[in-house]
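Since the structure is predicted, the reported quantities are computational estimates derived from the model, not experimental observations.
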Amino acid sequence: MGISVSRYSDITNNELVARFCSTDVISPNDPFWNQLLAFNIQLPLNPDEQLIFDSSTEALLQKFLQNNPQTGNLGSLVQVFITRATELLAAPNTDNVMLAWQSYNAIFFIRAVTKYLVEMVPEYELCKHLDVQARISVNPPTQDQELSTEVPSKLVTGESRVEMLIDALISLIVDVPVTDNTYHLHLESINTLLVLMSVYMFAGIHGQTRLVETSLIYRTLFQGRYSMQAPLLVKTLLNNLSNMAPAPLQFGSQGPGSLLINIASSLWNMLTLNAAASHTIYTQPPLDRHELLERLTREHPLANQSCLLLLALANHYINDDNLYRCALLRCEDSNDNSSTTPQKDTNIPGQITPPRIDMAALHKALCATAGCEHSTLLLYLMLHSCKAYKRHVTNVPHIENLIIPILQVLYNAPDSNSHHIYMSLIVLLILTEDDALIKNVHLIMLKNLTWYSERSVSEISLGGLMVLVVVRALQYNMARVRDKYLHTNCLAAIANMSCEFRNLHPYVAQRLISLFETLSKRRARLCSEIEGGDINSIELPHHAEEKTEEIMEHIAVLDEVLRMLLEIVNSCLTHQLCNNLNLVYALLHKKQLFQQHSHHNIAQNIEMVIGYFSTRLQRVQEGAGGELGVTEVLQCIKKGAEQWSSDRLKKFPDLKFRYVEEDRPEEFFTPYVWSLISSCGNIYWASECATRASTELLA
């Protein structure tokens, strides 16, 4: 008959769940499990629903926490799940609805209980709860007798149930094809792995400072047990992301009823879902990145959770011993005919054959989801370290599909967290290292950019838009955040592009020079205030009053930014003056500004350009007998540019910056990944303990 739960509050009074949590010892072969696993329940779809679910199950789970060390019912449930999973894997048709449904229900039950344990107890106690075996005598124990229980370090097979559970989960993910019948089975398998790995999140709460080194869960996953499955798991997760399959209805989502009725109902729904499945983030793109995340978690949860599990696996132990990271970063393009036979990579431990995936499909998925923070991080990982993906991006058409979502994140910097802005800037910086790309972006013209609301720009090149948005992000950072890493990466990205600036839009040229003017005035005011001794009147971000030393540090930062802006302008004039008449116009309009910076060697080149065109304009103006209009000035600049020779300018080294990952990257990336799993995933931690864990994680 099953649980037939229609509301979370019904769980509290359910006899089967109550028995599981009670002092009753339920062996793995008890018919009880068939009843328990024939339930219908909607998974929590947001933190509010999770909070209701947690509240409804808290009293029962408290009893479970007290009784399971004697009953071992969780371990029995795991055994039942492993049996169901083994039957499913051995079945001629792995699309078997009955087995898929019961396996799915078993995993969900295990995940719900394990999630509670992860939050409440240290990892070693979680493992004990899984490994408890109650010895059931032939005659039931009397009131004065106690059940004999044992918590062996290894079960009869020589393995702990943690190892057996992870084995079964990985086997289901790798070996069972994703269909409408198995979609949620895959999703729950991935979610359960994430819950098991989330012991990392709660390690500090439970006082485990060296969890990763001592954890049975992490040793099982990372110390060579899955040397053969690691590339297959990575390939499956990448395929899940690439396919972006829409989620079918959950089993029994039409409400309570018998198992057979719900199977029939689910089958009918699967037959009638084709129309609904056509609505995806590809066919109906979200209006903004907030809608994107909401729809990604709701409509494409398998793709979303696969991305998060990839990040979790790839960002623990960031070295060549991490089989998952090696497989991810050394994967090859299945459409690349130049290497049709995958070769074993001797750099991967165990000489594992790198997985082959459809790079075009992966790229399409990353472009569609690049506005989401976890997709940005995976995009960074692939661009920075996966040669095959970077090669694909270099040759792919419509690069704007990848760049524009990243620019939108930067444009909305006030609404984004610093980590997302930082990773987005690094992605842009890596892209600007490509010489062909920084040429091509000025040939791609964009129209009707509705999201750029600061000023109406009817048409602009992709390259011009990149400069415009990064300059805006730089200005925001200098005024509000003052993060050295952010402004360094902003400047590096613009500098990499500067030698290929072509036909910059008038507004782009104006904003570039306007930024230089704003920062110059700010520097002058700070110096004036210091010389006058009135440092208390200085209004700087974060503090109403700044110490002299702090002000001097800010001036030093301004000097660095101003020098870089001079180098960027000089680079453009040296390589592309004839193609940037609007920039020359903007320089002439603010020519007095650059006289203040003549002490910089590089500013002498800019002054020479200003002097050359000023002289020509003056002669033309005198001949015309009056002021020149914008069109006349630009025509004069154009004629002057035709006769200009860059040989007049002093030569400086070309500006070329490359992103280099810092030492011990796991200190940043591992906590960051878990903050993303907590905020962007389909697993919701709604307890106060989870809130504290998330806060301490990024502290």
Check against side chain to side chain contact (heavy atoms under 4.5 Å, CB included), L293 and E373: CA-CA 9 Å; L293 178 59; E373 197 167 354; over 6 Å; no

For [X] and [Y], work out which heavy atoms get closest and say how close.
X	Y	result
N304	C680	ND2-O, 3.0 Å
P301	L187	O-CD1, 3.7 Å
E123	S215	OE2-OG, 2.6 Å
R225	T220	CB-O, 3.5 Å
N315	E666	O-CB, 4.5 Å
C386	C331	SG-SG, 3.9 Å

Taking C-beta and beyond as the side chain, do [X] and [Y] meet within less than 4.5 Å on heavy atoms?
X	Y	result
E125	H206	no
Q79	M164	yes
L77	V113	no
P69	H129	yes
L88	L185	yes
L237	L313	yes
I357	S242	no
V162	D131	no

Between N181 and T179, a side-chain donor and acceptor under 3.5 Å: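 There is no such pair between these side chains.
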
Under 3.5 Å side-chain donor-acceptor pair for R325 and S385: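 Absent: no donor and acceptor within the cut-off.
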
Mutual orientation of the aromatic rings belonging to W685 and F202 [parallel < 30°, tilted 30-60°, perpendicular > 60°]: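 Tilted.
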
What is the distance from atom [atom1] of [X] to atom [atom2] of [Y], rounded to the nearest 0.5 Å?
X	Y	atom1	atom2	answer
I107	N191	CD1	CG	10.0 Å
Y226	L232	OH	CG	13.5 Å
T236	L241	OG1	CG	12.5 Å
I281	R295	CD1	CZ	7.0 Å
L51	Y684	CG	OH	13.5 Å
D321	C326	CG	SG	7.5 Å

Partner of Y317 by ring pair (Phe, Tyr, Trp, His ring centres under 6.0 Å), out of Y324, F222, F669: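 When Y324, F222, F669 are each tested with Y317, the ring pair (Phe, Tyr, Trp, His ring centres under 6.0 Å) holds only for F222.
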
Hey, is the main chain of [Y] close enough, under 3.5 Å, to the side chain of [X] for a donor-acceptor pair?
X	Y	answer
E87	L99	no
Q305	N682	yes
S198	V195	yes
E163	S160	yes
N243	A245	no
T369	C372	no
H300	M244	yes
R161	V132	yes
N73	C21	no
N68	L74	yes

Q223 vs Y218, side chain to side chain contact (heavy atoms under 4.5 Å, CB included): CA-CA, chis, key distance, verdict: CA-CA 8 Å; Q223 292 191 359; Y218 278 85; over 6 Å; no

Check: Y422 ring centroid to Y672 ring centroid under 6.0 Å: no

Ring centre gap for H184 and F108 strictly below 6.0 Å: no

Sole residue of Y104, Y183, F109 in side-chain contact (heavy atoms from CB on, under 4.5 Å) with E188: Y104

Residue pair V176, H186: steps toward the side chain to side chain contact (heavy atoms under 4.5 Å, CB included) verdict: CA-CA 8 Å; V176 176; H186 275 263; 3.9 Å; yes

Evaluation steps, side chain to side chain contact (heavy atoms under 4.5 Å, CB included), between L193 and I166: CA-CA 7 Å; L193 279 176; I166 294 174; 4.1 Å; yes

Cationic N near anionic O, under 4.0 Å, E119 to K115: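 Yes, charged N to carboxylate O under 4.0 Å.
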
